[in-house]
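Okay, structure first, notes after.
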Amino acid sequence: MSVRCRFAPAPSGSLHVGNVRSALFSWLWARHHGGTFVLRVEDTDASRVTEEAFRGVLDDLRWLGLDWDEGPEIGGPDEPYRQSQRMAIYAEAIERLLAQGHAYRCYCTPEELEARRDGAKARGEAPGYDGRCRSRTPEEIAAFDAEGRTPVVRFRMPDGEQVLMDLVKGEVRWAAGEIRDFVIVRADGSPVFLLAVAVDDLAMGVTHVVRGDDLLTAAPRNVAVIRALGGMPPAYAHVPQVVGPDRKPLSKRHGSTSVQAFREQGYLPEALVNYLALLGWSPGDDRERMSREELVAAFDLSRVSSNPAAFDTEKLTWLNNYYIQSLDDDDLAARCVHFLVEAGVGVDPVLLRRAMPLVKERMKTLAEVVDLLRFLFSDDIAPNAKAADILAKAPEGYLKEAAAALDACPGWDAEQIARTLDGLAERAGLNRTKGWQPIRAAVTGSNVSPPLPESLTLLGRERALLRVRAAG
RNA sequence: GGUCCCAUCGUCUAGAGGCCUAGGACACCACCCUCUCAAGGUGGAGGCACGGGUUCGAAUCCCGUUGGGACUACCA
């Protein structure tokens, strides 16, 4: 039987990296087995779901390269792939569960339930649903209906111990009665997540459910519903949560944890995918920098760690720099354009392309291209504090001499420029550092820049001279 | 409160009873390289949460403690 995995996000605008890691593991498992990856959107909570939020999730997955074989905008044999459009399917399942006695109508009001929960707690008992409506007489039901009560539908958990063979956690057991009858249809008639997931996973022939371990206790309930519907439950793999530096589950208060945020900061999808794959998984050898193909080939759910992993931006950043360095110059330049434009810096594509060898090992994120190359594309190079200081401390007349020397430089390539600058420094009795920094400050407006001779080459003699003279 | 999950350097991890004097990576420190900043190279510091067992032998198996987390909803 071929492997079918799915990712079932709620449309949240942009996925946060914890969700993405679940998606990635699911995708890797499917691809590793040459199976199918299904995308299903859990938008039953229609009140808060916007089209924009839905688009955001699809955009994130596409950007990351987590392609789906069946799902929104692609279609497939189990359409539709948005839960909000599958209500008829749930309704049919609910009818069957009710008819076969796997579910029953519960007339307890929220107030009654709360009171009984409180009572149970006060007596030191477990507070879950007590099963009161499991067997109501027709008279009682008629009385409730006459009262105008609208029932919910509850699933009748089978008796006995519940056992789950989880691919990550191993065997997990719940004692009989531990998992109470749960609501599958609200009083307003809408199906609940616990029902929808089970129905969909069954209908879509999902063989492996890979998701966060916050859903571990949902698994025996998913399994029970699927069995009640006469189906074979999938295998489950509950991967641990991704936590923040404070060891709390990743959330908004950890700041920029959405895919969108990393994208805007100039992280590469290659880096994010590689990093996330390593968060809670390792190939078992010392490999860390792995291509998508290598990840697919090596991935194994049984090697997923069962303890929560803290997200470490520093390591992500290291990987990002590595992938930036490994990009070819055309590709890198193309990816940089967006950031320069966003920063309001005009771009000369030819110059940009030629500048790539100078900046690729200096960029930790694509966004850093702006500060590194602004001097090339903008003549507004007002010196920063450190550059101003360097210029102020330069020997009297040094920049005038520099202008003259550069003007007389026999050829405008890095080698000859370097020779010219060395001669200049030597005549002034300065070492390279002292001798070159004033030129850098004058030409780039900064104390930090790509290598100076190469930068001057790109800038061109005219513009370079203009700047050196202006500073002198 | 109850049930369940989890526990190796600051962080991610390797580790399936002797291969462990606990390996790798990020970060950190030092040095080398060097026109600034990076990148790169070399080296260093740094860890099995605690207590009991089991065993000739435990990071590894068992129990407990402590500490995190999830669930316990007409949330997902």
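Just so we're on the same page: letters track the sequence lines, and every chain starts at 1.
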request  = Provide the distance between the two C1' atoms, one in rU8(B) and one in rC12(B), to the nearest whole Å.
outcome  = 12 Å
task = Please determine if K393(A) and D389(A) form a salt bridge, counting it only when a charged side-chain N lies under 4.0 Å from a carboxylate O.
result = yes
query = Using atom P of each nucleotide, how far apart are rG40(B) and rC62(B) to the nearest Å?
reply = 42 Å
ask   = If you measure from the P atom in rA16(B) to the same atom in rG53(B), how many Å do you get, rounded?
value = 25 Å
request  = May I ask you to say whether E42(A) pairs ionically with R6(A), meaning some side-chain N is under 4.0 Å from a carboxylate O?
outcome  = no
query = Please walk me through it: do D312(A) and Y275(A) pass side-chain hydrogen bond (donor to acceptor under 3.5 Å, both in side chains)?
reply = CA-CA 9 Å; D312(A) 178 14; Y275(A) 176 69; 5.2 Å; no
key: C1' atoms of rC9(B) and rG15(B), separation to the nearest Å   = 15 Å
key: Among rC12(B), rU13(B), rG15(B), the nucleotide that comes nearest once only the side chain of S305(A) is considered   = rU13(B)
remark   = Applying the 3.5 Å cut-off to both distances, the Watson-Crick or G-U partner of rC35(B) turns out to be none
inquiry  = Run the side-chain hydrogen bond (donor to acceptor under 3.5 Å, both in side chains) test on S22(A) and R211(A) for me, step by step, so that the C-alpha distance in whole Å, both residues' side-chain angles and the decisive distance to 0.1 Å come before the verdict.
reply    = CA-CA 5 Å; S22(A) 295; R211(A) 48 155 52 160; over 6 Å; no
inquiry  = Looking only at the side chains, is there a donor atom on one of T457(A) and D413(A) sitting less than 3.5 Å from an acceptor on the other?
reply    = no
task = Would you kindly give the CD-to-C1' distance between Q83(A) and rC75(B), to the nearest whole Å?
result = 13 Å
request  = Side-chain contact test, heavy atoms from C-beta onward, threshold under 4.5 Å: evaluate it for L194(A) versus V197(A) and give yes or no.
outcome  = no
message = One thing to verify: whether R186(A) and D188(A) come together as a salt bridge, which I'm taking to mean a side-chain N less than 4.0 angstrom from a carboxylate O.
response = no
key: Atom pair distance, as rounded to whole Å: CG in D181(A) and P in rC71(B)   = 20 Å
inquiry  = If I take atom CG in residue D286(A) and atom P in nucleotide rG23(B), what distance separates them, rounded to the nearest angstrom?
reply    = 11 Å
inquiry  = Any side-chain N or O of R221(A) below 4.0 angstrom from OP1/OP2 of rC4(B)?
reply    = no
message = Suppose you measure atom C1' in rG68(B) against the same atom in rA49(B); what distance do you get, rounded to whole Å?
response = 11 Å
request  = Under a 3.5 Å limit for both distances, which nucleotide forms a Watson-Crick or G-U wobble pair with rA25(B), could you say?
outcome  = rU11(B)
query = For rA45(B), which nucleotide is its Watson-Crick or G-U wobble mate, given both distances must be under 3.5 Å?
reply = none
inquiry  = Nearest to the side chain of V192(A), heavy atoms from C-beta on, is which of rA76(B), rU3(B), rU11(B)?
reply    = rA76(B)
Between the protein and nucleotides 5-9 of chain B, are there any N/O to N/O pairs under 3.5 Å, and if so, what are the atom names and distances?
unit_1: rC5(B); atom_1: O2'; unit_2: K169(A); atom_2: NZ; d: 2.7
unit_1: rU8(B); atom_1: OP2; unit_2: N307(A); atom_2: ND2; d: 3.3

query = Which whole-number value in Å describes the distance from R287(A) CZ to rC12(B) C1'?
reply = 17 Å
key: Complementary nucleotide of rA70(B), counting Watson-Crick and G-U pairs under 3.5 Å   = rU3(B)
query = Among the nucleotides rA14(B), rU3(B), rA39(B), which one has an atom lying closest to any side-chain atom of K364(A)?
reply = rA39(B)
ask   = Which one, rC74(B), rG24(B), rU3(B), comes nearest to the side chain of E178(A)?
value = rU3(B)
Report, one pair per line, the protein and nucleotides 34-37 of chain B atoms (nitrogen or oxygen only) whose separation is under 3.5 Å.
unit_1: rC35(B); atom_1: OP1; unit_2: R432(A); atom_2: NE; d: 3.4
unit_1: rC35(B); atom_1: OP1; unit_2: R432(A); atom_2: NH1; d: 2.1
unit_1: rC35(B); atom_1: O3'; unit_2: T433(A); atom_2: OG1; d: 3.2
unit_1: rC35(B); atom_1: O2; unit_2: R440(A); atom_2: NH2; d: 2.3
unit_1: rC35(B); atom_1: N3; unit_2: L452(A); atom_2: N; d: 3.3
unit_1: rU36(B); atom_1: O4'; unit_2: Q437(A); atom_2: OE1; d: 3.3
unit_1: rU36(B); atom_1: O2'; unit_2: N447(A); atom_2: O; d: 3.0
unit_1: rU36(B); atom_1: N1; unit_2: R440(A); atom_2: NH2; d: 3.3
unit_1: rU36(B); atom_1: O2; unit_2: S449(A); atom_2: N; d: 2.8
unit_1: rU36(B); atom_1: O2; unit_2: S449(A); atom_2: O; d: 3.0
unit_1: rU36(B); atom_1: N3; unit_2: R440(A); atom_2: NH1; d: 3.4
unit_1: rU36(B); atom_1: N3; unit_2: S449(A); atom_2: O; d: 2.6
unit_1: rU36(B); atom_1: O4; unit_2: P451(A); atom_2: N; d: 3.3
unit_1: rC37(B); atom_1: O2; unit_2: R362(A); atom_2: NH1; d: 3.0
unit_1: rC37(B); atom_1: N3; unit_2: R362(A); atom_2: NH1; d: 2.2
unit_1: rC37(B); atom_1: N4; unit_2: R362(A); atom_2: NH1; d: 3.4

inquiry  = Taking pairing as Watson-Crick or G-U wobble with both contacts under 3.5 Å, can you name the mate of rG51(B), or confirm there isn't one?
reply    = rC63(B)
task = Sticking with atom P, work out how far rU3(B) lies from rC20(B), rounded to a whole angstrom.
result = 41 Å
inquiry  = So if I take every side-chain heavy atom of P127(A) and compare against rG24(B), rA70(B), rG1(B), which nucleotide ends up nearest?
reply    = rG1(B)
key: Interatomic distance, R40(A) CZ vs rA76(B) P [rounded to whole Å]   = 13 Å
inquiry  = Nearest whole Å is fine: how far is rG40(B) P from Y322(A) OH?
reply    = 11 Å
message = I want to know whether Y90(A) and F193(A) have ring centres closer than 6.0 Å.
response = no
ask   = When you measure from the centre of the six-membered ring of Y107(A), is the NZ or CZ of R136(A) under 6.0 Å away and within 45° of the axis?
value = no
task = Would you mind telling me which of rA25(B), rA76(B), rG69(B) lies closest to the side-chain atoms of W318(A)?
result = rA25(B)
request  = Respond yes when some side-chain nitrogen or oxygen of R289(A) is under 4.0 Å from OP1 or OP2 of rG24(B), and no when none is.
outcome  = no
request  = Could you tell me the separation between the CG atom of D285(A) and the P atom of rA25(B), rounded to a whole number of Å?
outcome  = 13 Å
note = Out of rU13(B), rC74(B), rG68(B), minimum distance to the side chain of A309(A) belongs to rU13(B)
inquiry  = Between rA59(B) and rG44(B), how many Å separate the two C1' atoms, rounded to a whole number?
reply    = 24 Å
message = In whole Å, measure the gap between the P atoms of rG17(B) and rU42(B) for me.
response = 34 Å
key: Interatomic distance, F155(A) CZ vs rA73(B) P [rounded to whole Å]   = 17 Å
inquiry  = Counting distance alone, no hydrogens or angles: does the base of rG24(B) have a donor or acceptor under 3.5 Å from a partner atom on the side chain of E288(A)?
reply    = yes
